[in-house]
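First the structure, in the form of structure tokens, and then the observations on it.
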Amino acid sequence: MISPKTNGHPPTPSPVVSDTPRFTEDPPRKHFPWVWLILLVVAGGFGYLIVHRLMHPPVAAPARPSAEGRTYPVDVAVARPGEMELYLRELGTVTPLNTVTVHTRVDGQLINVAFTEGQYVEAGQLLAEIDPRPFQVMLTAAQGQLAKDQAQLQNANLDLKRYQNLMKQNLSVTQQQVDTQQSLVKQFEGAVTSDQSQIDSANLQLTYCHVTAPFAGRIGLRLVDQGNIVHASDATGLAVITQVQPIAVIFSISEDEISRVMKENGPQKKLVVEAYDRDDKEKIATGELSAIDNQADPTTAMIRLKAVFPNEDNALFPNEFVRAWLLVQTLKDALQVPDAAIQHGPDNSIFVYVVKEDQTVELQNVTVGPSEGGQTVIASGLSPGQTVVTAGMDKLQSGYKVAASGARGGRGGRGGRGRGGSASQPATMPGATRGARSAQ
């Protein structure tokens, strides 16, 4: 069999035709869509809610009553007349009336310390002793010199008398001799006087060897120990004594208040000053105003005042800080209400809510006076015995009905002595503000 020519190339194979049918890929399998499942769940939930709502219908809320029909709980107080004491409160310093550093007035050895540190000493009490022996020697020498000069003076006086007698008899005695003898007598008299001064000086030095307290007070810690050599020029001294009975408190007030103080204070009437601790909680002592400085401090516009306290119980200690309460004025029968009852309107008006007999409130304008101890004086606009709201007025208006939780009367008598505010908490109206008021 002769194969066809290929021209040097391999023959191309002819396609093979098969009678077996060709298989193709299977079509994708159909899955249940997730979206339908979600829709079924949501539909089921809505169905449950509808059924639950039908079985449990909502209960309608009760209608809120109108403001005119409500009763508002409030705190109240009764306006009552009483005594109000007006104070100026300032920070003061306890200052001794006298303070002295005890020094020796002679030089020598300290041989005895006769006081106990911190004790109370009386005026003239012995505190220390300096070695007196050098001054005793000086005293003895001065006494010897005095005796010598007195003897010479006596002899000179005798000679003078002889000269004078002889001169009267014209017996060889001239006037010059008499004058010379008189001059000698004068010299010896001067020597005797000088000797006496030396004796007095020695006695004084001996007195200075005994150091005594110049006034009664409390002595501090000793500054020199026994056995040391002390000098009159020493800067430290031996100890410090402070007078504590009586004792003073120095404090300052504003120059704006000095006219009130000067008006009330005088020779026949001394203003009362009370000393409290720095928290204004406990009264320590009571005294009176003793002095007012003669000029104000231009840098602070303050004036210094001094009050004196007996301090018999030693409650006031030198250099401690206290609160000085200066009683400037006492108001008699002043109508008072708690500070919390006073309200300030946006138009600078001042008002209170008065509770009427039908338990409704009425806004009433008032004129206020000074405030002290949580109480305010009502100058006009209110009558004694009227009841005012002190708390719970933030939503009140005239005509609203209230229910008082308990009426509390304003303090009658010495109302200004209280230091705390009213028991009612202050409240404000919408658009209204409460301002601090100083004593007028």
Side-chain angles (χ1 to χ4, degrees), residues 97-115 120-217 219 222-243:
L97 291 180
N98 294 290
T99 301
V100 63
T101 300
V102 180
H103 287 265
T104 176
R105 300 186 66 175
V106 294
D107 299 346
Q109 185 180 24
L110 183 63
I111 61 174
N112 181 28
V113 176
F115 65 88
Y120 189 88
V121 297
E122 299 292 342
Q125 180 177 335
L126 178 65
L127 302 179
E129 289 183 89
I130 310 298
D131 187 1
R133 290 174 297 179
F135 306 104
Q136 289 174 346
V137 172
M138 293 172 56
L139 175 61
T140 302
Q143 290 172 341
Q145 185 64 37
L146 175 62
K148 176 182 176 181
D149 291 338
Q150 285 177 339
Q152 291 179 340
L153 175 61
Q154 184 179 5
N155 183 60
N157 280 322
L158 292 175
D159 289 343
L160 176 62
K161 289 181 180 180
R162 293 190 189 99
Y163 288 159
Q164 290 175 341
N165 291 332
L166 291 175
M167 183 178 177
K168 290 178 180 179
Q169 298 175 8
N170 296 321
L171 297 175
S172 66
V173 175
T174 64
Q175 184 65 38
Q176 181 180 2
Q177 290 176 319
V178 174
D179 293 340
T180 300
Q181 189 62 32
Q182 286 179 341
S183 176
L184 185 60
V185 170
K186 295 293 184 182
Q187 291 179 13
F188 287 132
E189 288 177 350
V192 170
T193 302
S194 177
D195 295 338
Q196 185 61 50
S197 67
Q198 294 295 325
I199 293 174
D200 293 340
S201 175
N203 284 323
L204 185 60
Q205 301 299 316
L206 285 172
T207 301
Y208 287 159
C209 288
H210 297 78
V211 182
T212 58
F215 52 80
I219 196 166
R222 69 174 183 270
L223 304 177
V224 179
D225 295 330
Q226 180 175 330
N228 284 276
I229 302 298
V230 294
H231 305 84
S233 60
D234 291 342
T236 56
L238 303 179
V240 177
I241 299 177
T242 57
Q243 183 179 356

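For this chain, numbers begin at 1 and follow the sequence in order.
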When rounded to the nearest 0.5 angstrom, what distance separates [atom1] in [X] from [atom2] in [Y]?
{"X": "Tyr163", "Y": "Thr174", "atom1": "OH", "atom2": "OG1", "result": "9.5 Å"}
{"X": "Leu184", "Y": "Asp179", "atom1": "CG", "atom2": "CG", "result": "12.5 Å"}
{"X": "Thr212", "Y": "Glu122", "atom1": "OG1", "atom2": "CD", "result": "13.0 Å"}
{"X": "Tyr120", "Y": "Ile241", "atom1": "OH", "atom2": "CD1", "result": "10.5 Å"}
{"X": "Arg133", "Y": "Met138", "atom1": "CZ", "atom2": "CE", "result": "15.5 Å"}
{"X": "Leu204", "Y": "Ile199", "atom1": "CG", "atom2": "CD1", "result": "13.5 Å"}

To check you understand the geometry: which heavy-atom pair defines the closest contact between [X] and [Y], and what is its length?
{"X": "Leu110", "Y": "Ala128", "result": "CD1-CB, 3.7 Å"}
{"X": "Gln205", "Y": "Val106", "result": "OE1-CG1, 2.8 Å"}
{"X": "Ala123", "Y": "Pro214", "result": "CB-O, 4.3 Å"}
{"X": "Phe135", "Y": "Cys209", "result": "CD1-SG, 3.4 Å"}
{"X": "Leu206", "Y": "Pro132", "result": "CD2-O, 3.4 Å"}
{"X": "Thr99", "Y": "Phe215", "result": "N-CZ, 4.2 Å"}

Gln176 CD: over 12 foreign heavy atoms closer than 6.0 Å =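 At most 12 heavy atoms, drawn from other residues, nucleotides or ligands, come within 6.0 Å of this atom.
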
Side chain to side chain donor-acceptor pair (under 3.5 Å) pairs, two or more places apart, involving residues 141-156 =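 Of all non-adjacent pairs touching residues 141-156, those that pass side chain to side chain donor-acceptor pair (under 3.5 Å) are Gln145-Asp149.
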
Donor-acceptor contact present, side-chain [X] to main-chain [Y], <3.5 Å:
{"X": "Asp234", "Y": "His231", "answer": "yes"}
{"X": "Gln181", "Y": "Val178", "answer": "no"}
{"X": "Glu129", "Y": "His210", "answer": "no"}

Heavy-atom check, side chain of [X] versus side chain of [Y], under 4.5 Å:
{"X": "Thr101", "Y": "His103", "value": "yes"}
{"X": "Gln164", "Y": "Met167", "value": "no"}
{"X": "Ile130", "Y": "Tyr208", "value": "no"}
{"X": "Val240", "Y": "Val102", "value": "no"}
{"X": "Arg162", "Y": "Asn165", "value": "no"}

All salt bridge (charged side-chain N to carboxylate O under 4.0 Å, His left out) counterparts of Asp200, not counting sequence neighbours |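 With neighbours one apart ignored, the set is empty.
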
Leu127 pairs by side-chain contact (heavy atoms from CB on, under 4.5 Å) with which of Thr104, Val121, Val113, Leu238?
->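 Going through the options one by one, the only one that passes is Val121.
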
Residues forming a side-chain contact (heavy atoms from CB on, under 4.5 Å) with Pro134, sequence neighbours excluded =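 Counting only residues at least two positions away or on another chain, Pro134 forms a side-chain contact (heavy atoms from CB on, under 4.5 Å) with Asp131.
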
Go through Leu146 and Val192 one step at a time and tell me if the side chain to side chain contact (heavy atoms under 4.5 Å, CB included) criterion holds.
-> CA-CA 6 Å; Leu146 175 62; Val192 170; 3.5 Å; yes

